[in-house]
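Notes to accompany the following structure.
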Amino acid sequence: MKPNLNEHVLDTLSKSNHLNHLKQLQAYLTTLGHAHTHFYAFKLIRFCTLTLSNLTYARLIFDHIPSLNTHLFTAMITAYAAHPATHPSALSLFRHMLRSQPPRPNHFIFPHALKTCPESCAAESLHAQIVKSGFHEYPVVQTALVDSYSKVSGGLGNAKKVFDEMSDRSVVSFTAMVSGFARVGDVESAVRVFGEMLDRDVPSWNALIAGCTQNGAFTQGIELFRRMVFECNRPNGVTVVCALSACGHMGMLQLGRWIHGYVYKNGLAFDSFVLNALVDMYGKCGSLGKARKVFEMNPEKGLTSWNSMINCFALHGQSDSAIAIFEQMVEGGGGVRPDEVTFVGLLNACTHGGLVEKGYWYFEMMVQEYGIEPQIEHYGCLIDLLGRAGRFDEAMDVVKGMSMEPDEVVWGSLLNGCKVHGRTDLAEFAAKKLIEIDPHNGGYRIMLANVYGELGKWDEVRNVWRTLKQQKSYKVPGCSWIEVDDQVHQFYSLDKSNPKTEDLYIVLESLVGFRNEVMGEP
DNA sequence: TTAGGGTTAG
């Protein structure tokens, strides 16, 4: 039996993925006089945008339809709104729609249009349009408004206002608000809104856990992750990516391993994000072999995969391996192009390996070959590299040639180099710069006092300490931690609060004694 | 056809 036209079109579209097939079908429909009917035009545009990702051709079809309806506008605007690069096209087509009449926008189209708002005033203007069109009480539209406002700079107040005025808040609108607070770094408010939720699903947990880890609240993120598992919400790929990031920052290898097991048992090992996060976690926790193994297993190594692996090696001073991975990336990385993060890792690797010339060379390569404008991070690495090598004239030339103001890392790196090489004159200069940037940082003043001590300038030492006492700004002590049996133990300098301090010192002294014996030192 | 969540950097 011959299929009817409707079935034939749908069948052809579902089986092909080539523009040529689409064109043949279009020609066929034209001969039958159906190419511009709303139903078939809609199908063609959806196929073009969703299957072929060919927005240019979709627009061509769209522009040749003599009378457009709301569905066709929605299809085209949705496609534009799906990618940031085409957001301006979405917005301009939507404005065109508002000017032409009819067709009028329906409530389905506003959430898509709202996704494209680059700044607060665009969201406000759409908000006004929503009110004018009478869709301002549709919960989905209100949720889209909350989300859109919370994503534009300075829009959180409006997001909160819309959210507070909503009479029918869903788990989605709550989640949008949680993310909104997290985005501006207000973890406390994010936790509060999360606490007010009656229903929670996986994305809402993810929003809060991501909010914590993105704002450096790693312990809190881990606690929430444990609670999520305890309350029988099944973590998905997004959850484990956030939790792994927290594990890496906290050095929690055991939990990281448990998550790795969970990833395998739950079919998440094919997610490139998850694999990259595993590489990063193992690398930060010092398991370089495991990091490498996971990296090698990833069949779709993207930019982040390569960067994470390079950073792992750089972090542990394995500069040769980091450079080897970089070369592999450039030569056989499947067209993956290094970015600014790659070069931070690479320069770090050179710093830790004392490879000054190579570091310079990569810095040049980044600018000349890849056209990447050096960021403050790259300058920080370069100064660190030169400072450690005692090449202070060159380091100062780099500082003078910077296109931005040197930050604490730049001066701090220089100061470190000065300390190693006994350049007290330059150390004084760098320490003063650090104090200029952050006058309330006691650590910088202590560094300056130490430099004066080296120079025998005792009056200056007393002056610095006087200021320190007046400001009451003492140095935040450095801290390290180790994980034993799933418990993290923290240690501060001179801290004897651990109940096993005495035993720890006995072991430490025996280790030092052993080292001295081996090294032939007294 | 409509709304929320993700990794890497001194």
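In what follows, every chain begins at residue 1, and chains take the letters A, B, ... in the order their sequences are listed. Every value quoted in this text rests on a predicted model; they were computed, and no experiment measured them.
Within 4.0 Å of A/H112, counting heavy atoms only, lie sugar-phosphate atoms of the nucleic acid but no base atom. Contacts of A/T78 with the nucleic acid, taken as non-hydrogen atoms under 4.0 Å apart, are absent. Residue contacts for A/S179: at a heavy-atom cut-off of 4.0 Å it reaches the sugar-phosphate backbone alone, with no base atom in range. Using a 4.0 Å heavy-atom distance criterion, A/V178 is classed as making no nucleic acid contact. At a threshold of 4.0 angstrom between heavy atoms, the contacts of A/S204 include nucleobase atoms, whether or not backbone atoms are also involved. Counting non-hydrogen atoms under 4.0 angstrom, A/T175 reaches a base of the nucleic acid. Residue-level contact check: A/G237 touches the bases, meaning some heavy atom is under 4.0 Å from a base atom. Residue-level contact check: A/R183 touches the backbone only, with heavy atoms under 4.0 Å from sugar-phosphate atoms and none from bases. Residue A/S170 is in base contact, counting any heavy-atom pair closer than 4.0 Å across all strands shown. Within the 4.0 angstrom heavy-atom criterion, base atoms lie near A/V202.
A salt bridge between A/E223 and A/R226 is absent, with no side-chain N of the basic residue lying under 4.0 Å from a carboxylate O of the acidic one. Looking at A/R192 and A/E188, no side-chain N of the basic residue comes within less than 4.0 Å of a carboxylate O on the acidic one, giving no salt bridge.
OP1 and OP2 of B/dG6 both lie 4.0 Å or more from every side-chain N or O belonging to A/T239. For B/dT8, neither phosphate oxygen OP1 nor OP2 lies less than 4.0 angstrom from any side-chain nitrogen or oxygen of A/K301. Residue A/N348 places at least one side-chain N or O closer than 4.0 Å to OP1 or OP2 of B/dG10. Between B/dT7 and A/Q214, a contact under 4.0 Å exists linking OP1 or OP2 to a side-chain N or O. Distances shorter than 4.0 Å separate none of the side-chain N or O atoms of A/R388 from OP1 or OP2 on B/dG10.
For A/H260 and A/Y264, the ring centers sit closer than 6.0 Å to each other.
Aromatic ring orientation, A/F135 versus A/F110: tilted (interplanar angle from 30° to 60°). Ring geometry, A/F326 versus A/Y362: the interplanar angle exceeds 60°, so the pair is classed perpendicular (tilted spans 30 to 60°). The aromatic rings of A/F225 and A/W258 lie perpendicular to each other, with more than 60° between the two planes, well past the 30° mark. Between A/H107 and A/Y138, the ring planes lie tilted relative to each other; the angle falls in the 30° to 60° range.
Taking only side-chain atoms of A/S245, from C-beta outward, the nucleotide of B/dT8, B/dG10, B/dG6 with the closest atom is B/dT8. Among the nucleotides B/dG5, B/dA9, B/dG10, the one closest to the side chain of A/A207 is B/dG5. Of the candidates B/dG5, B/dA9, B/dG10, the closest approach to any side-chain atom of A/Q375 belongs to B/dA9. Closest contact between the side chain of A/D384 and the listed nucleotides B/dG6, B/dG4, B/dG10 involves B/dG10. You'll find that the side chain of A/E377 is closest to B/dG10, out of B/dT8, B/dG5, B/dG10. The A/N206 side chain lies nearest to B/dG5 when the options are B/dG5, B/dT8, B/dG4. For A/D407, counting side-chain heavy atoms from C-beta on, the closest listed nucleotide (B/dA9, B/dG10, B/dG4) is B/dG10. Nearest nucleotide to the side chain of A/C242, out of B/dG4, B/dA9, B/dG6: B/dG6. The A/N307 side chain lies nearest to B/dT8 when the options are B/dT8, B/dG10, B/dG4. Which of B/dA3, B/dT7, B/dA9 sits closest to the side chain of A/V241 comes down to B/dT7.
The base of B/dG5 lies close enough to the side chain of A/N236 for a donor and an acceptor atom to sit less than 3.5 Å apart.
Pairs engaging residues 372-382 of chain A under the salt bridge (charged side-chain N to carboxylate O under 4.0 Å, His left out) rule: none recorded [sequence neighbours left out].
For the pair A/L114 CG and B/dG4 P, the interatomic distance rounds to 10 Å; values are reported in whole Å. The nearest whole Å value for the distance from the NZ atom in A/K284 to the C1' atom in B/dA9 is 9 Å. Taking atom CZ on A/F163 and atom C1' on B/dG4, their separation rounds to 11 Å, with Å as the unit. The interatomic distance linking A/H352 (NE2) with B/dG10 (P) rounds to 8 Å, in whole Å. One atom, CZ of A/F110, and another, P of B/dA3, lie 15 Å apart when rounded to the nearest Å. In this structure, A/I77 atom CD1 and B/dT2 atom P are separated by 15 Å, rounded to whole Å. We find that CZ of A/F313 is positioned 18 Å from P of B/dT8, with the value rounded to whole Å. Between A/I259 atom CD1 and B/dG6 atom C1' the separation is 14 Å, expressed in whole Å.
Remark: A/R337 fails to qualify as a cation-pi partner of A/Y370 under the 6.0 Å distance and 45° angle criteria applied to the six-membered ring.
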> Can A/F194 and A/W205 be said to form a ring pair (Phe, Tyr, Trp, His ring centres under 6.0 Å), step by step?
Replying inline: CA-CA 8 Å; A/F194 185 79; A/W205 280 97; 5.0 Å; yes

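Residues from residues 227-235 of chain A lying near DNA chain B, meaning a heavy-atom separation below 4.0 Å, are absent. Looking at residues 270-277 of chain A, you'll see A/D271, A/F273, A/V274, A/N276 sit with a heavy atom under 4.0 Å from some atom of DNA chain B.
No more than 12 heavy-atom neighbours from other residues, nucleotides or ligands sit within 6.0 angstrom of CD on A/E405. More than 12 heavy atoms of other residues, nucleotides or ligands lie within 6.0 Å of CG in A/D164, so this atom counts as buried by the packing criterion.
In this structure, A/H71 counts as stacked on the base of B/dT1 under the 5.5 Å centre distance and 30° plane angle limits.
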